[in-house]
Amino acid sequence: MSKYDLIIRGGTVVTAADTIRADVAIHAGRIVAVADRLSGGTREIDAGGLLVMPGGIDSHVHLAQPAFGGPAMADDFESGTRSAIAGGTTTILPFALQPRGASLRQSVLDYHKEADGKSYCDYGFHLIISDPTPSVLGQELPALVADGYTSFKVFMTYDDLVLNDRQLLEVFDCARDCGALVMVHCEGYDAIRFMTEKLERAGKTAPYYHAASRPASVEREATHRAISHAELVEVPIMIVHVSGREPMEQIRWAQQKGLKVYGETCPQYIALTADDLKGLNMDESGGKYVCSPPPRDRASWDAIWEGIRTGVFQTFSSDHCPFFYEGNQGKLNPKARTSFRWVPNGIPGVETRLQILFSKGVVEGRITLNDFVALTSTNHAKMYGLYPGKGSIAPGFDADIVIWDPNRKETIRQELMHHGADYTPYEGIAVTGWPIMTILRGKLVAEEGRILGTPGRGRFLKRSLSPFAEPRHS
Ligand code: DUC
Ligand code: ZN
Ligand code: ZN
């Protein structure tokens, strides 16, 4: 009988720390050996000339979420996780959103129903707290954190989600008490409302004005406010989807003060600009790029790279939040044509996250291979209570692996995608570096765009408390 189920032979194994030529042996879904020359596998994969990296972990994904005030999402758990594995990602952390007035526990159960039996990759849930009542903060949230939902997101904007300052403080305080990590969407509600109404009064309703309605100052102000509240309560926070210099500098300032403030950024902030929202002659095709915070400009790309290179950002996530472009559920729905404010807010990206960072980061010489692994996998596992177990290639870790061709040139296009959306906002972007095989707990689940896994193979992950959520003074 063979000693191992699978040996990945002859590749270059890359972790957040090391780059080595080695074979990887897998047994019963786990990595059991990484060594110069291994033998005794039932099956072998020749990875000569290829990189062998931890499968991507995408800690910011929205699936089957009743839209930010609008139509149904383009991805359920089946299509969204299919897209993830096709792109080399083996674990995602989507959100379980609490609608106002609803029980948090019931909301979590509802999302489990959406995901159970449908997922191609492993998944956990962050919570979204929209209604921090005394019973939510006193009972439901601490119980859910104890049950393995150890992080949650709060919003400083959107009619249905926004928390006021007092509520933010209450929620931060609760997170501190139960050891959860808080993710904060930093854009100021009142400023956006003010700008939106002013633009609409001036007839400026095309998708492009979405960006004008929430400029960098709005994100900077909210970032600073969130940091100040977190400082008051002495709770660590993660500022998600940072779009450019001004919020990046707020996070850096906080980190230099010694506060536990972390940062996440996303492909749209190094690959898209607000000009994409103009579409052709300011027509509705700009709606394809409507997401929040909006993409800014090329100088912002440079600021994001500065933040990535200097360690201001720990995670690079997709913020996959897919909507159709065409049709009544899409970005072109009749109401959305009346004003940018009704365009469903979000873009797909779980399948193209790795390629964009690899190409613009590693191939263009901005980051190392090890940085790439840290930013796309290891740091997500560490930040959100999945480490050890996920996020590296070493004995004892789940055999979640992407085998990657660093030289393969491709152009991102919709026909290559496996998501439910009818477009990709990254259409036409040329990249170098592409996933060849995706392995989930030892099983080959995607190869060269072909899906070999099955829905339901992905497991729910109960997560530990994050060491990054421990208060500074504890
Ligand atoms: N925030 C997200 O995290 N995703 C999509 C839209 C938004 O506002
Ligand atoms: Zn957000
Ligand atoms: Zn998001």
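As the structure lists them, so they are numbered: ligands from 1, and atoms in each ligand from 1.
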*Atom of Ser292, atom of His185 and distance for their closest heavy-atom approach*: O-CE1, 3.8 Å
*Does Arg441 come within less than 4.0 Å of Asp400, counting only side-chain N to carboxylate O?*
no
*Would Glu306 and Arg366 pass as an ion pair if we require N to O under 4.0 Å?*
no
*Going by the ring pair (Phe, Tyr, Trp, His ring centres under 6.0 Å) test, which pairs reach into residues 189-233, not counting sequence neighbours?*
His224-Trp253
*Among the heavy atoms of Glu187, does any lie under 4.0 Å from an atom of ligand 1?*
no
_Whether His62 has an N, O or S atom under 2.8 Å from the Zn ion (ligand 3)_ = yes
_Heteroatom N/O/S of Cys321 within less than 2.8 Å of the Zn ion (ligand 3)_ = no
*Is a donor on one side and an acceptor on the other found under 3.5 Å between the side chain of Asp76 and the backbone of Glu114?*
no
Can you say whether the rings of [X] and [Y] are parallel (under 30°), tilted (30 to 60°) or perpendicular (over 60°)?
{"X": "Trp404", "Y": "Phe372", "result": "tilted"}
{"X": "Tyr384", "Y": "His126", "result": "perpendicular"}
{"X": "Phe77", "Y": "Phe125", "result": "perpendicular"}

Considering only heavy atoms of [X], which atoms of ligand 1 have at least one such atom less than 4.0 Å away?
{"X": "Asn345", "result": "5 (C), 6 (C)"}
{"X": "Cys321", "result": "5 (C)"}
{"X": "Lys153", "result": "1 (N), 2 (C), 3 (O)"}
{"X": "His241", "result": "1 (N), 2 (C), 3 (O)"}
{"X": "Asp319", "result": "2 (C), 3 (O), 4 (N), 5 (C)"}
{"X": "Ser292", "result": "1 (N), 7 (C), 8 (O)"}

*asked:* I need the NE2(His60)-the Zn ion (ligand 3)-OD1(Asp319) angle, rounded to 10 degrees.
replied: 90°
_Pairs flagged by salt bridge (Lys or Arg N to Asp or Glu O under 4.0 Å) wherever residues 307-324 is involved - sequence neighbours left out_ = none
*Name whichever N, O or S atom of His185 ends up nearest to the Zn ion (ligand 2).*
ND1
*asked:* Polar contacts were defined as any N/O atom of the residue lying under 3.5 Å from an N/O atom of the ligand; does this apply to Tyr158 and ligand 1?
replied: yes
*May I ask you to check whether Lys153 brings an N, O or S atom to under 2.8 Å from the Zn ion (ligand 2)?*
yes
